[in-house]
Each structure stands twice: as C-alpha cells, then as structure tokens.
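Since the structure comes first, as structure tokens, the remarks are kept for the end.
The model shown is predicted, which means the values in this text are computed figures rather than measured ones. No hydrogens, no waters, no symmetry mates; every other heavy atom, side chains included, goes into these values.
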Amino acid sequence: MNDATTANPGEHKPKETSTTPGQTEVSFRLWNRDDLKTGIWEVTPGEFKSTRPGYDEICQILSGSGTITEPDGSSFEIGPGTLFVTPAGWEGHWTIRETVRKMWVVKDVQETKE
C-alpha cells in the first residue's frame, strides 16, 4: 500500500455497535498469517462501544479525531499520530468527531482458564 492515508479501503457499511444513526465503517485487511493480521479501518462521526474479545490490537491513527473513554471514566484524545494498544478483554466507548482512519495490527490470543 503506497499511502495508507488516502488508499480506498472499500465500501462503508453501517457500524453495528453504533449508538449514532447513520454511522458507518469499513475495514480492509492488508495482510494476515496464522493469528496475526494488519489492515486499515475507517469510521465516520458518531459514538459506539467497542470490545476486544480474544485478540490484542495495536492502533495507529492516520487521520481524524475523537475521544476514547475507558470503563473507569478516564479518557484520551486520538488524532493523527496517536498510537495505543487495546488488549484482549478491553472495553471502551469511542466518540468520533471527524472521520477516523487507523492502521491496525491484531494478534489473536487464547483464552486462559482460571
């Protein structure tokens, strides 16, 4: 991919976990091997809940802006250059102000029995 900030990731579809009518998303898988994958994801303005069941994700924001709120009420701003990890089991609430595009790397993890 020559330019992840401008490449066409495909057709947007309704964001299933959105609490904002009309919010859409698209995800383009660029590469995968076994339990490791990477690609580009884009979401339009609105709000949605997110979870990471069974996988860790590394996120690099390429464009757009928003806020991610953790279950404990703490939050952080995201925008171009923001890099963060959402580990398996993570939950959060995203508020997108300007269409966000991110590069993602996902690693599947096996659940441990306690």
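Residues L62 and F84 are members of separate hydrophobic clusters, defined by side-chain heavy-atom contacts under 4.5 angstrom among Ile, Leu, Val, Met, Phe, Trp and Tyr. Cluster annotation: V100 is not connected to L83 through the hydrophobic network of ILVMFWY side chains, with a link wherever side-chain heavy atoms come within less than 4.5 Å. A chain of hydrophobic side-chain contacts below 4.5 Å, direct or via other Ile, Leu, Val, Met, Phe, Trp or Tyr residues, connects M103 to F28. Transitive grouping of hydrophobic side chains (ILVMFWY, heavy atoms separated by less than 4.5 Å) keeps I61 and I40 in distinct clusters.
Side-chain atoms of S50 never come within 3.5 Å of backbone atoms of G92 as a donor-acceptor pair (strictly under, hydrogens ignored). Side-chain atoms of E42 do not come within 3.5 Å of backbone N or O of V26 as any donor-acceptor pair. Distance alone, capped at 3.5 Å, places no donor-acceptor pair between the S18 side chain and the K15 backbone. A donor-acceptor contact shorter than 3.5 Å is absent between the side chain of D108 and the backbone of Y55.
For the residue pair G64 and P80, the shortest heavy atom distance occurs at O-CD, 3.3 Å. When all heavy atoms of K49 and H93 are compared, the closest pair comes out as CG-ND1, 4.0 Å. Across all non-hydrogen atoms, the minimal contact from T44 to G22 is OG1-O, 4.4 Å. Residues Q23 and I96 come closest through the heavy atom pair NE2-CG1, 4.2 Å.
The structure places CG of D34 at 9.0 Å from NZ of K107, a figure rounded to the nearest 0.5 Å. Residue K102 holds its NZ atom at 8.0 Å from OG of S27, rounded to the nearest 0.5 Å.
Of the N and O atoms on the side chains of T24 and H12, at least one donor lies less than 3.5 Å from an acceptor on the other residue. For the residue pair W90/E57, the side-chain donor-acceptor check at 3.5 Å is not satisfied. Of the N and O atoms on the side chains of T67 and R97, at least one donor lies less than 3.5 Å from an acceptor on the other residue. Between the side chains of R101 and S63, no donor-acceptor pair of N or O atoms lies under 3.5 Å.
The aromatic rings of W94 and W41 sit perpendicular, their planes meeting at an angle over 60°, well past the 30° parallel limit.
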_Derivation of the side-chain contact (heavy atoms from CB on, under 4.5 Å) call for E25 and F48_ = CA-CA 11 Å; E25 69 178 342; F48 63 94; over 6 Å; no

*Can E77 and T82 be said to form a side-chain contact (heavy atoms from CB on, under 4.5 Å), step by step?*
CA-CA 8 Å; E77 297 299 307; T82 305; over 6 Å; no

*Go through the steps to decide whether V105 and L36 satisfy the test side-chain contact (heavy atoms from CB on, under 4.5 Å), and finish with yes or no.*
CA-CA 7 Å; V105 177; L36 188 64; 3.9 Å; yes

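For the pair T86/D56, no side-chain contact is recorded, criterion being any heavy-atom separation below 4.5 Å from C-beta on. Residues L30 and M1 are in side-chain contact: their nearest non-hydrogen atoms beyond the backbone lie under 4.5 Å apart. Side-chain contact check for T99 versus P45: some heavy-atom pair is nearer than 4.5 Å. Considering only heavy atoms from C-beta on, I78 comes within 4.5 Å of I68 through its side chain.
The aromatic ring centroids of W31 and W104 lie 6.0 Å or more from each other.
Atom CG of N2 sits in a sparse spot, with 12 or fewer heavy atoms from other residues, nucleotides or ligands closer than 6.0 Å.
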